[in-house]
Every structure is written in C-alpha cells, then in structure tokens.
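Quick notes on the structure that follows.
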Amino acid sequence: MDPEYAAGLAKAGLLGSKPPPPPSTAEEARAGFDIAVLKVYKAFLVPQLPPSNAYTVTDHPVQVEGGEISVRCLVPMVDDQNETLPVLFYIHGGGWTVGSVELDDYALRGYCVRQKLSVVNVEYRLAPEYPFPTAVNDCYAALKWTIFNTSLLKANLEKGFLIGGESAGANLSAVLTHIARDDSFFEGRRLTGQLLCEPNVCHYAAYPESFKSKFLSIDEIPDMPALSRAMIERFYGWYNAPPSDPRISPLLYPSHQGLPRAYIQAMGLDALRDDALVYAEVLHEAGVETKLDLYPGVGHGFHYGVPDITAAAKVRDDVEQGIRWLLKRESPA
C-alpha cells in the first residue's frame, strides 16, 4: 500500500480492519458520501480554483423522459470572441446512487480554463428512486442537448467532442460511447475521445467465461474501505439493472470497433481494477487507440478522500494529460 495513502486511512481509523457494513439506505449512503468525500475534496480544491473572471458557470434545464434534469456548463473566457472550443461532456460517479455535479465541479473548472475547453457536467437522476436505465437515458438526452447548444458553449465539435467520467460516470460514458456510435443522429458530429477513470464495465454476475480468469480483483481486494465488494453489490442492487444488459455491462457489447480513442485510469487496490485492465485490452484488440495508467498501492476514488497525497496529485495531473492526448494535443508519458 502507498505509505501516504496508508497514513491517510490510519488517520481516518480505516486501516487494518474490515470496513463497516454498507449503508442500508441510499439516504444514509448520500449523507456519508457528502461528509467523507464531497466536502473534503471541494475544500481541498478551493485554493486551486482559477479566477472567477476566467470562465462562466451556468446551469441549464434539459427535458428528459418523465421530467427535467440540469447540466452545469463551464466556458472559458478567451481573448478572441470568435474563437471556438472543444467540449468535454462529463458524468459524475457515485454508484448511480450518490454524488452530483458538485463532486467534480471545482476540478472541472480548472480543466476548463487550463485546457481551454467547454464542459457540460450532467445532473442525472439517481437510483434507487430512478433505477436503470434512467441514468443512461438522462445522460444521453443531455449529450444530444450538447450538440443542439454548441453556440451557447462556444463549441466546435470538430476540435474535440469528449465524453468522460469517474467510476459509475465512466461506466455511463462507456455505454453512451457505444450507443452514440450506432446512432445516425451523431453522423458528422461523432464523439472523438473517452475519458474513463476507474470504470466498471461488467456486472460481476455477467463476466464472460473467456474473461473470468482475468477478473480477479473483485475477490482479491474485497474489503478496501472506499469501495468494498459489499458496497459494490449494494450499488448494483439499487441500480437494479439486468447484469447482462450491455447498458450496465458495456464489455458485453458485441463489437467495440469504431469507438473513439480512450484514456483509462485504474487503481491497484481497487476491487474494480480488473474492469479497467480488461476493458483497455479489449478496446486495443478492437483497434481503438487506448492509453492506460495504473496506480499501484491505492484504492478506488482515493484521490477524493485523501486528495493531498503525491499519488492523488499524479492522478489529477494525468487526467489533464489524458484530456490533452484525447484532443491530440500531447501524449501522456
């Protein structure tokens, strides 16, 4: 285990013992997540926020089946008012159950300004109140909204149309990348890159026989405090998706050919580590240009709960380098 990460877990009283049972309700999970993750991460990023006059922040409504959601749009200020920008469509993590646009809001503001790209951060509806496939459908509606609102975003999708997210957000990004590939609506305005941070790409009850020997981490690393196997099972239960449906298990799509280039991050002590490793292998074999970074000795989402350690800084820096690579500006090391 990374020594700084171990010290952070010890300080929180989470080192050397099994994690407590997962919360019994989504409300309990959300309350704990907001205290242990959201508040810690946002407080850490406050000093790193770019000047408020370097970008604009606006929330916009998006009509979806059975209701309305919102998207938070970040647009950098540029000297040339006629300049157009690439776009990152971003989906937050949280097991389809916890989290919100607030989770990565401050980090995305930095990416927006430093990388000169517009960001659409989607506030999709959460399980169990809105089970599968609500999150998929909400995010897909918001993805189409992005195309209809390029002028508002000062966007030119030919300069880059990225989709990405963390954990469940990466899962939804991988799903939507397949759906958009097969949808003629996106002809002439295709996604050009996918940012997949700690993705889960296959329900543990639907591992293909040919890959079962490679999905070891779910059993080898079942008790990490940030995301135990019991918590994974709870999240899947709240989301209530059929395990073999590719909209929850995008590994199971019959083809991965024709997808945009992918930058993937995996954590060495994550029960979902092998999801990322297997998916990177599968995409590469399908002819998708793929870059993978593996961070040894740290657990799922560690950079949210202990954001001040060296490994967390590297994860954040690598995300930005990954964005640059997806935009074909620079290759990750």
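Hydrogens, waters and symmetry mates play no part in the numbers below; they use all other heavy atoms, side chains included. For the single chain, residues carry numbers from 1 onward in sequence order.
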Derivation and outcome, side chain to side chain contact (heavy atoms under 4.5 Å, CB included), residues Leu227 and Phe235: CA-CA 10 Å; Leu227 187 67; Phe235 280 139; 4.0 Å; yes
Ring pair (Phe, Tyr, Trp, His ring centres under 6.0 Å) between Phe148 and Phe185, worked out: CA-CA 11 Å; Phe148 288 127; Phe185 173 84; 5.5 Å; yes
Steps toward side chain to side chain contact (heavy atoms under 4.5 Å, CB included) verdict (Met224, Met1): CA-CA 11 Å; Met224 287 298 291; Met1 183 178 288; 4.1 Å; yes
Side chain to side chain contact (heavy atoms under 4.5 Å, CB included) between Val136 and Leu172, worked out: CA-CA 6 Å; Val136 174; Leu172 289 163; 3.7 Å; yes
Ser173/Gln194 under side chain to side chain contact (heavy atoms under 4.5 Å, CB included): CA gap, chis, key distance, verdict: CA-CA 7 Å; Ser173 297; Gln194 43 185 328; 5.7 Å; no
Step-by-step ring pair (Phe, Tyr, Trp, His ring centres under 6.0 Å) determination, Tyr236 to Tyr204: CA-CA 10 Å; Tyr236 273 127; Tyr204 58 84; 5.7 Å; yes
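Taking the side chain as every heavy atom from C-beta outward, Val315 and Gln265 approach each other to under 4.5 Å. Using a 4.5 Å heavy-atom threshold, the side chains of Gln115 and Pro76 count as separate. You'll find the side chain of Thr58 reaches within 4.5 Å of the side chain of Cys73, heavy atoms only. Under the 4.5 Å side-chain criterion, counting only non-hydrogen atoms from C-beta, Val201 is not in contact with Asn171. At a threshold of 4.5 Å between non-hydrogen side-chain atoms, the residues Pro246 and Val175 do not count as touching. Looking at Pro225 and Leu9, their side chains come closer than 4.5 Å, going by heavy atoms from C-beta outward. Side-chain contact between Leu45 and Lys42 is absent, with no heavy-atom pair separated by less than 4.5 Å. Side chains of Asp104 and Tyr41 form a contact here, defined as non-hydrogen atoms less than 4.5 Å apart.
A 6.0 Å sphere centred on CG of Asp79 holds no more than 12 heavy atoms belonging to other residues, nucleotides or ligands. Under a cut-off of 6.0 angstrom, the local environment of CD in Glu129 is crowded, with over 12 non-hydrogen atoms contributed by other residues, nucleotides or ligands. More than 12 heavy atoms of other residues, nucleotides or ligands shown are found within 6.0 angstrom of NE2 on His178. Other residues, nucleotides and ligands place more than 12 heavy atoms under 6.0 Å from the CD atom of Glu281.
Remark: His203 NE2 to Asp275 CG distance equals 11.0 Å, nearest 0.5 Å. Taken to the nearest 0.5 Å, the CZ atom of Phe132 stands 9.5 Å off from the CG atom of Asn240. Taking CG of Asp59 as the reference point, atom OG of Ser70 lies at 5.5 Å (rounded to 0.5 Å). Rounding to the nearest 0.5 Å gives a distance of 15.0 Å between OH of Tyr106 and OH of Tyr111. In this structure, OG in Ser100 is found 8.5 Å from CG in Asn121, a value given to the nearest 0.5 Å. Note that SG of Cys112 is 9.5 Å distant from CG of Leu88, once rounded to the nearest 0.5 Å.
Of the residues listed (Val87, Leu157, Leu143), the one engaging Leu191 in a side chain to side chain contact (heavy atoms under 4.5 Å, CB included) is Leu143, and it is the only one. Exactly one residue among Asp274, Ile221, Leu277 makes a side chain to side chain contact (heavy atoms under 4.5 Å, CB included) with Leu216. That residue is Asp274.
At least one cation-pi condition fails for Lys212 and Tyr207: the charged atom is not both under 6.0 angstrom from the six-membered ring centre and inside a 45 degree cone around its axis. Within the cation-pi definition used here (under 6.0 Å to the ring centroid, within 45° of the axis), Lys314 does not qualify as a partner of Tyr295.
With Arg234 contributing its side chain and Pro23 its backbone, the two residues share a donor-acceptor pair below 3.5 Å. Under a 3.5 Å cut-off, the side chain of Arg316 and the backbone N or O of Ala107 do not form any donor-acceptor pair. Counting only distance, with no hydrogens or angles, the side chain of Ser151 and the backbone of Asn149 share no donor-acceptor pair below 3.5 Å. Side chain of Ser249 to backbone of Pro243: a donor-acceptor contact under 3.5 angstrom is found.
Pairing each heavy atom of Cys202 with each of Pro208, the nearest pair is SG-CD, 4.1 Å. Nearest heavy atom pair, residue Ala262 against residue Val288, reads N-CG1, 4.4 Å. What you find for Ser255 and Arg181 is that their closest heavy atoms are O-NH1, 2.9 Å. Of all the heavy atoms in Ala127 and Trp238, the pair that sits closest is CB-O, 3.5 Å. The shortest non-hydrogen separation linking Leu326 to Tyr263 is CD2-N, 3.8 Å. The minimum heavy-atom distance linking Gln63 with Ala141 is given by the pair O-CB, 4.2 Å.
Clustering ILVMFWY residues whenever any of their side-chain heavy atoms sit less than 4.5 angstrom apart, transitively, puts Val40 in a cluster other than the one holding Ile309. By the criterion of side-chain heavy atoms lying less than 4.5 angstrom apart, applied directly or through intervening Ile, Leu, Val, Met, Phe, Trp or Tyr residues, Ile35 is not grouped with Val306; the two fall into different hydrophobic clusters. At a threshold of 4.5 Å between side-chain heavy atoms, the hydrophobic network of Ile, Leu, Val, Met, Phe, Trp and Tyr places Tyr130 and Leu103 in two separate groups.
Taking the six-membered ring for Trp and the full ring otherwise, the centers of Tyr140 and Phe186 sit less than 6.0 Å from each other. A distance below 6.0 Å separates the ring centres of Tyr124 and His92.
A salt bridge does not link Lys11 to Glu4: none of the charged nitrogens lies less than 4.0 Å from a carboxylate oxygen. Contact check on Asp219 versus Arg229 returns a salt bridge, with a Lys/Arg side-chain nitrogen under 4.0 Å from an Asp/Glu carboxylate oxygen. Between Arg72 and Asp105, at least one side-chain N (NZ, or NE/NH1/NH2) sits under 4.0 Å from a carboxylate O, which counts as a salt bridge. No salt bridge links Lys154 with Glu83; every basic N to acidic carboxylate O contact stays at or beyond 4.0 Å. Glu220 has a carboxylate O that lies under 4.0 Å from a charged side-chain N of Arg273, or vice versa, which qualifies the two as a salt bridge.
If you check the side chains of Ser167 and His300, you find a donor sitting under 3.5 Å from an acceptor.
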